[in-house]
Amino acid sequence: MKKDILTLLDLTKEDFLYLFQRAAELKKRHKNGIVDRPLIGKSLGLIFEKPSTRTRLSFEAAMIQLGGSPIFISAKDTQIVRNEPVRDTARVLSRYIDAVAIRTFSQDLLTGFADFSDIPVINALTDLYHPCQVLSDLLTVIEYKGEYQNQKIAWVGDGNNVAHSWINAASVIGFDLRLACPKGYEPKQEVLDRAISNCCGTILVTNDPHEAVRDADVIYTDVWASMGQEREQKMREEVFGPFQVNTDLIRGAHPDAIVMHCLPAHRGEEISEQVLEGPQSVVWDQAENKMHMHKAILEALILGNKKEK
Ligand code: CP
Ligand code: NVA
């Protein structure tokens with residue numbers, strides 16, 4: 001297992017399969033009251049420059065359940081805000097803690113941190129990717145559908161960080177991914193090009209949500225304006241209207257299709273109240289699975305081989 005998860009392209013198909021299996025196993029053991037403490041004495045730093053409910057808390061709970069300690073570091077309370085170079089912070093933290101999860105704006109900052117870090121670095125969301133989200137989402141798909149290989153997964157909405165990680169996942173492990181985004185809000189071309197060049201699944205980008213959702217097994221959406229794009233909210237509301245996941249749209253999908261959302265959800269915008277709270281929605285199980293997947297990730301990265309420089 002490679003030591004950093006900066007994007008899903010850092011993982012092999014074998015890594016994905018290992019994490020799915022181990023997360024499911026840890027989940028089952030936890031539900032049966034079995035206590036696993038492989039990370040006693042280890043600590044995880046969490047440096048967050050953007051808000052978070054699920055990712056922060058599920059990493060913290062994961063670390064505690066495995067016997068280790070999370071240390072939350074609000075970036076604004078560190079010397080980072082006074083322009084201490086990222087490479088200095090990375091080298092110092094490597095002397096104190098055993099892994100670090102970072103939520104920030106710039107993917108380059110994350111990569112710069114990882115270049116100078118001796119400890120595993122985990123992307124807890126950047127403007128470009130949200131890899132751990134999609135790992136746990138695939139665990140949810142496997143739970144509900146028994147497998148991921150033959151699933152038709154429809155992304156409806158912004159071609160954003162979560163969409164980019166879905167594209168990377170499709171390229172590494174192979175499934176049928178269709179993304180419906182408004183014109184001008186498609187995924188970044190370089191992300192698509194890289195994925196399509198080593199793609200073992202199929203990736204389709206369309207501007208028609210009905211086309212993406214047709215016969216889909218999984219329908220996935222996310223906010224129209226991501227963190228950092230708040231000023232575009234009004235403008236985006238005008239463009240994204242036809243991309244709302246509502247009962248009319250999901251009628252075109254497979255009757256057993258599940259509806260997913262990474263949360264937080266804006267009811268009445270990207271998803272209707274009726275669908276979010278309806279029988280096809282799996283969003284609460286999906287949120288829970290972040291914790292089980294994060295346990296598998298932390299165990300694998302912290303107990304894995306020493307990072308090669
Ligand atoms: N899904 C997700 O990353 O949620 P948070 O922003 O609450 O961490
Ligand atoms: N695309 C969203 C995901 C939140 C979990 C954002 O970046 O705000």
Side-chain angles (χ1 to χ4, degrees), residues 5-8 23 44-63 70 72-75 100-110 122-141 155-169 179-182 185-188 191 218-233 235-237 239-240 243-245 258-267 269-271 276 281-295 297-298:
I5 303 183
L6 307 182
T7 91
L8 288 177
L44 169 74
L46 297 118
I47 305 180
F48 278 49
E49 287 196 292
K50 292 178 175 179
S52 173
T53 297
R54 281 146 288 271
T55 306
R56 172 184 172 177
L57 271 295
S58 58
F59 265 117
E60 290 184 339
M63 200 61 192
F72 182 72
I73 310 159
S74 172
V100 62
I102 301 180
R103 171 168 287 199
T104 188
F105 295 86
S106 153
Q107 185 73 19
D108 288 346
L109 184 147
L110 188 75
I122 301 167
N123 183 347
L125 183 146
T126 61
D127 289 348
L128 201 56
Y129 295 117
H130 198 1
C132 300
Q133 178 68 49
V134 172
L135 280 171
S136 60
D137 292 341
L138 278 159
L139 178 67
T140 307
V141 171
W155 173 274
V156 182
D158 190 20
N160 63 15
N161 44 6
V162 182
H164 289 157
S165 286
W166 272 104
I167 291 166
N168 284 347
L179 303 109
C181 314
Y185 295 89
E186 294 93 347
K188 283 190 187 301
V191 173
V218 177
I219 302 158
Y220 198 118
T221 191
D222 184 14
V223 291
W224 289 342
S226 285
M227 289 180 276
Q229 297 172 332
E230 289 79 4
R231 275 180 305 178
E232 298 175 29
Q233 175 69 30
M235 188 184 68
R236 284 172 174 258
E237 279 173 23
V239 179
F240 279 79
F243 291 77
Q244 184 186 78
V245 173
I258 56 171
V259 175
M260 302 182 74
H261 191 311
C262 55
L263 304 178
H266 294 101
R267 291 161 167 84
E269 292 181 27
E270 75 276 2
I271 191 162
L276 186 76
S281 166
V282 300
V283 298
W284 314 119
D285 290 337
Q286 182 185 354
E288 176 187 335
N289 279 339
K290 285 173 72 79
M291 184 183 73
H292 304 298
M293 177 53 73
H294 292 169
K295 287 170 79 172
I297 290 170
L298 290 170

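Each ligand, and each atom within it, is numbered from 1 in the order the structure gives.
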Task: Min side-chain heavy-atom separation Ile297-Cys132 under 4.5 Å - done: yes
Task: Taking atom 5 (C) of ligand 2 as the reference point, the nearest protein heavy atom with its distance - done: Leu263 O, 3.7 Å
Open item on the list: Using a 4.0 Å cut-off to any heavy atom of Gln133, which atoms of ligand 1 qualify?
Closed with: 1 (N), 2 (C), 3 (O)
TODO: Could you list the atoms of ligand 1 found under 4.0 angstrom from a heavy atom of Lys290?
DONE: 1 (N), 2 (C), 3 (O)
Open item on the list: Test side chain to side chain donor-acceptor pair (under 3.5 Å) on Gln233 and Glu237; report intermediate values, then the result.
Closed with: CA-CA 6 Å; Gln233 175 69 30; Glu237 279 173 23; 2.7 Å; yes
Task: Leu46 CG to Phe72 CZ distance, which is reported to the nearest 0.5 Å - done: 7.0 Å
Task: Reference residue Pro131; test side-chain contact (heavy atoms from CB on, under 4.5 Å); the match among Asn168, Leu8, Asn161, Val162 - done: Leu8
Open item on the list: Go through it in stages, so that I can follow the logic: the residues are Gln107 and Thr126, the test is side chain to side chain donor-acceptor pair (under 3.5 Å), and I'd like the CA-CA distance, side-chain angles, deciding distance and then a yes or no.
Closed with: CA-CA 6 Å; Gln107 185 73 19; Thr126 61; 2.7 Å; yes
TODO: Kindly confirm or rule out an N or O of His130 lying under 3.5 angstrom from an N or O of ligand 1.
DONE: yes
Open item on the list: Which of the numbered atoms in ligand 1 are under 4.0 angstrom from any heavy atom belonging to Leu263?
Closed with: 1 (N), 2 (C), 4 (O)
Task: ligand 2 to Lys50 polar contact by distance, N or O atoms, under 3.5 Å - done: no
Open item on the list: One residue to check: Leu125. Relative to ligand 2, which of side chain, backbone, both or neither has a non-hydrogen atom less than 4.0 Å away?
Closed with: side chain
- [ ] Give the atoms of ligand 1, by number and element, whose distance to some non-hydrogen atom of Thr53 is under 4.0 Å.
- [x] 5 (P), 7 (O), 8 (O)
Task: atom 3 (C) of ligand 2 - nearest protein heavy atom and its distance - done: Asp222 OD2, 3.5 Å
Open item on the list: Side chain or backbone, does Cys262 bring an N or O within less than 3.5 Å of an N or O on ligand 1?
Closed with: yes
Task: Region of Arg103 that comes within reach of ligand 1 [heavy atoms, distance under 4.0 Å] - done: side chain
Open item on the list: With a 4.5 Å cut-off on side-chain heavy atoms, are Gln133 and Gln286 touching?
Closed with: yes
Open item on the list: What I want to know is whether Ser226 and ligand 2 share at least one N or O pair that is separated by under 3.5 angstrom.
Closed with: yes
Open item on the list: Considering both backbone and side-chain atoms of Met227, is one of its nitrogen or oxygen atoms within less than 3.5 Å of a nitrogen or oxygen in ligand 2?
Closed with: yes
- [ ] Inspect the contact between Lys290 and Asp137 and indicate whether a charged nitrogen and a carboxylate oxygen are less than 4.0 angstrom apart.
- [x] no
Task: Test of proximity, Leu125 against ligand 1: N or O pairs below 3.5 Å - done: no
Open item on the list: So which atom in Arg103 and which in Ser52 form the shortest heavy-atom distance, rounded to 0.1 Å?
Closed with: NH1-CB, 3.3 Å
Open item on the list: Could you identify the single nearest non-hydrogen protein atom to atom 4 (O) of ligand 1 and state the distance to 0.1 Å?
Closed with: Arg54 NE, 3.0 Å
- [ ] Assess Arg236 against Tyr185: is NZ or CZ under 6.0 Å from the centre of the six-membered ring, and within 45 degrees of the ring's axis?
- [x] no
Open item on the list: Under a 4.0 angstrom heavy-atom cut-off, which atoms of ligand 2 come close to Asn160?
Closed with: 1 (N)
Open item on the list: Within the 4.5 Å heavy-atom criterion, are Trp284 and Leu263 side-chain neighbours or not?
Closed with: yes
Task: Heavy atom of the protein closest to atom 8 (O) of ligand 1 (residue, atom name, distance) - done: Ser52 OG, 2.6 Å
TODO: Give a yes or no answer on whether the side chain of Glu230 reaches the backbone of Gly228 with a donor-acceptor pair at less than 3.5 Å.
DONE: yes
Task: Residue and atom name of the nearest protein heavy atom (relative to atom 7 (O) of ligand 2), distance in Å to one decimal - done: Asn161 ND2, 2.8 Å
Open item on the list: Treating His164 as the side-chain partner and Tyr129 as the backbone partner, does any N or O pair qualify as donor plus acceptor under 3.5 Å?
Closed with: no
- [ ] Mark the output for Asp127 as yes if a heavy-atom distance to ligand 2 is under 4.0 Å, and as no if none is.
- [x] no
